[in-house]
Every structure is written in C-alpha cells, then in structure tokens.
2 protein chains.
Amino acid sequence: MSESSAKNSTTLATKITESIRTAIVSGDIAPGAKLSEAQLAMQFNSSRGPVREAIRRLEVERLVRHVPHEGARVITLERNEIVAIYQVRESLEGMAASLAAQHMSDEDIVALRQLWEQHRAHQHQTGEYMQADGDFDFHYRIIQGSRNPYLIRQLCDDLYQLLRMFRYRSSRFISRSAVALTEHEHIVYAIEQRDSQLAELVMRRHISRAARDIAQAMQTEETKL
Amino acid sequence: MSESSAKNSTTLATKITESIRTAIVSGDIAPGAKLSEAQLAMQFNSSRGPVREAIRRLEVERLVRHVPHEGARVITLERNEIVAIYQVRESLEGMAASLAAQHMSDEDIVALRQLWEQHRAHQHQTGEYMQADGDFDFHYRIIQGSRNPYLIRQLCDDLYQLLRMFRYRSSRFISRSAVALTEHEHIVYAIEQRDSQLAELVMRRHISRAARDIAQAMQTEETKL
DNA sequence: ATCGGCAATATTGTCAACAATAATTACAAA
DNA sequence: TTTGTAATTATTGTTGACAATATTGCCGAT
C-alpha cells in the first residue's frame, strides 16, 4: 500500500483522508479489508485521532462501512449494487448532458471536441483500449458543463468514487473502447448542436450499454466460480 | 436549541451527530451559525472528540461547511442552489416513481393508497395545509418502493436532509397542499396501474411545480428586502 | 472431539492536556 | 482619527492515556 500520494493539505487529517481514499479507490486496500486505527496511525506517523476522522469521513462517503465497537471495513460492491449505481448514473448523467448542451460555453465545447480528437488519435496509434482516466476526463467535463453545483458534487465527489473503485478491479472486462469512442463522438455532436434532448438520450444509452456489458461480464465471472 | 432528541444509540459520537443534525435541519441552529467545538461539547456533557467526529460527518453530508483552523458553520442555501437541488430531485425522484411502479408490492401500493386517503381525510376535516411530515412520508414510501439501494440513500440520506432544512425555514410560503393532494393522487394511480412512464412523468411535474412555486416565492421574498 | 462459558487480549470510544493556527485587542506612529 | 503591528486571547489540530466493548484463546463439561 502506497501512502505516497499525500498532498500537502493544511491538516494532517485531510491528508490521511485523501491517502486512504485513493488507496481504497485504486484497490491498494482491498474491498472488505479491515481498517485498523492503530495500524493506519503507525503507517502515517500520527496518532489515532486524525485516522479516526478520516475513517468517519470515508464512512459518510460510503467507501467504508463502520459498525460501532467493531471497526471499519472497505465496502464490497455486489452485483446488484453496481446495477443500482449505474441506474442512478444513467439518470443523473443524462441530465448532466442535457444541461451541458444548454450551458457549456462555446470554448468549452471546442475543447471537448479536441479532447475527443486526442482520444481518437491515441486509439488510432496504439490500437489500445481507451484509458480509464481518459474516459473519466471526458465525462467530468460534461458534468462540469451542467453548471449545476449539486449535480456536480453528487456525480464527481460521490458516485464516481465508487465507480473508480469498481473500475480498477474490473478493467480486465471492459474492452468496449472502440464503441465508446463512437458514442463519445455522438455526445460531442449533440452538445455542439445544442440539442439537449439528443445529448441526454445519447448519454443515457452510452451508460446503459456500459452497464449492460459490465453486468454481463460479472454474470459470466460469477458462473465461472 | 434543544438537545432533547438524543436517541440512545450505541456511541456518544453518533448521538451527538444525530442531535446536531436534527438541530440544523429543524432550524434550531440557524444557517450560517458557527459550530463551536468547546460550546457543543459543554452542551452535550462530553469532550471535544465526539463533537469533532459529528462535525466531520455533517461536513461530508454537506450540512456544514468547514475550513481548517477556522471552524465549521451551518451552510446557507442560496436561491440558485435550491434550484439546483430541485433539478436533481426531479430527475432522481422521477426515476424512483418509475421504479416504484415496477417493483412495489401490491400490499405496499394498497398501503400507499390508504396513506393518501388519510391525507385527504385530514385535509377535509381541518382544511389545513398538508403537514410537511405527511408529504415527506408519502415521498419516502415511493422512494423505498424503487428497491434501488443507492437511489434510496442518495435521496433519503442526502438530498432530503437539505430539503428539510430548507422547508422548515420556508414553510410559510408553501400553501399548495390542495394541488399537492391532487398530484399525489395521480401518482398513486399511475403506480396502481403499474404505468412506470406515467408515474415518472407525473412525479416530475409534481416536483417541477413545487420548485417553480418555491423559486417564485423566494424571488418575491428577495425583492421585498 | 465438540460445544459453551470464562479469562486474556486486542480494538475502539472517550477524555484531558498540549501544540499550532487564527482572531482580537492594545498600542504606537502617521 | 486612522492604520499598521505586536502581543494577547480564543479556537482548532494533535497527542497519549484511560475506559468500554468486542474478539480470541483456553479450559472444562458433555
């Protein structure tokens, strides 16, 4: 487990929170793993206080499940929970796309198009899957474009944490980068046209298909065991 | 400020969290008010530790804004933030209604109808506005009926806290109980018919109208000052 | 050999003191 | 009077010790 990524925030508790969060999301701390206060405190050269604060925060963020007097464990995402999350994501991010088509500045739309061009070029050259990071970047920009602060927080701070955590583990399945690239283009197009209805629909389908692929992959994964 | 509503949870920090949360949501602690650790600790006959934990949790729940070394204050909801929240609520709860129409058990639907009958009877007798609590109860049942655990948490644990906090302050405006009663009936009907599309649409309109009324009321309220 | 209860151990919850940072006040100079 | 600065005060951040609870291991009974 790497506690390297500790940004120099103002307070120790914040740094520890971020370190543990990235460790969970990146899979360095496995789902279901126990978070021992004493152990973590030792690891970060601190006392248990700041570690406790970090765990409490991550508990509210739903990355950690805590039961009194027993301790905290990293959550494990079951199949039905993944499905539930994707269902919400479809609704929320569809709305984000719709709002983005209405509210994004012309410059931001140009930048979005350029980002997509980069992704295409990258895929053309390397023939590689789209990087998860690139995909997230694309979606983040559209969410930001919604200009709805509450929606932005819900998606970026909350839902996407869970998504990242899950994606890291299951990146082996996801080989739909070619399809995704095409779908992204359609989204960019709809936003360029300022067609909020189309943007919403295309985004919803994009996410819906991803969800279907993942659910299917998990299904076969489960039957294999 | 009443710290009376302390349920006997297993841990002190939890009790304090709940007490402060209800105090904020009910308006006993005013928006923008400072949350002093020492003062709260005294108030709850505890040390600062549990109070700090409570504040950290409420911070992640977005009921409190915290800046390092300065302290925590209760958030203040601006007009545009209310609009943003209602926009998200419309999308999420529309989805909840759709899912409820698909997944609610027949018994639960009967119970929902009965609840509505009660509301109607109550209004008939007293001619009163619908109680905010009754309204929340109605919506909660439908959200639960969605059977989507992530959606349920997002709405009940997160969004509705903010809604409650705001509603308490502004209950003076909201006199649309007669309209709401009718709209609720339409929602119940759509769910009884298992018409998920209709349920979603009617719910969205219900919330959209409420949002419009509130935005309008805030507008006039602002110009008055 | 397995199961249930008791002691030992480990872990979490709470507390009070200390350190570090921000807010306030007092004071002096312009 | 006003303004900038330094000292004071108050508040938050962190720590280690102690209390309360859960887990583990041991022992005896069936």
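Bear in mind that the values here come from a model prediction, so they are computed numbers and not experimental data. Residue numbers begin at 1 in each chain, while the letters A, B, ... track the order of the sequences. These numbers come from the heavy atoms of this one structure, side chains and all, not from hydrogens, waters or symmetry mates.
Under the rule for a salt bridge (Lys or Arg N to Asp or Glu O under 4.0 Å), the partners of Glu117(B) that lie at least two apart in sequence or sit in another chain are Arg120(B). With sequence neighbours excluded, the residues forming a side-chain contact (heavy atoms from CB on, under 4.5 Å) with Ala72(B) are Leu35(B), Ile55(B), Val64(B), His66(B), listed by chain and number.
Using modelled atom types and a 3.5 Å distance limit, the side chains of His119(A) and Asp135(A) yield no donor-acceptor pair.
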Strictly under 4.0 angstrom, non-hydrogen atoms only: write out the protein contact profile of nucleotides 8-23 of chain D, one letter per nucleotide from the 5' end, B, S or -. ---SBBBB-----SSS

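Surrounding CZ of Arg204(B) are more than 12 heavy atoms belonging to other residues, nucleotides or ligands, all under 6.0 Å away.
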For side-chain hydrogen bond (donor to acceptor under 3.5 Å, both in side chains), just list the numbers for Glu90(A) and Tyr86(A), CA-CA rounded to whole Å, side-chain angles, deciding distance to a tenth of an Å, and then say yes or no. CA-CA 6 Å; Glu90(A) 183 181 331; Tyr86(A) 264 88; over 6 Å; no

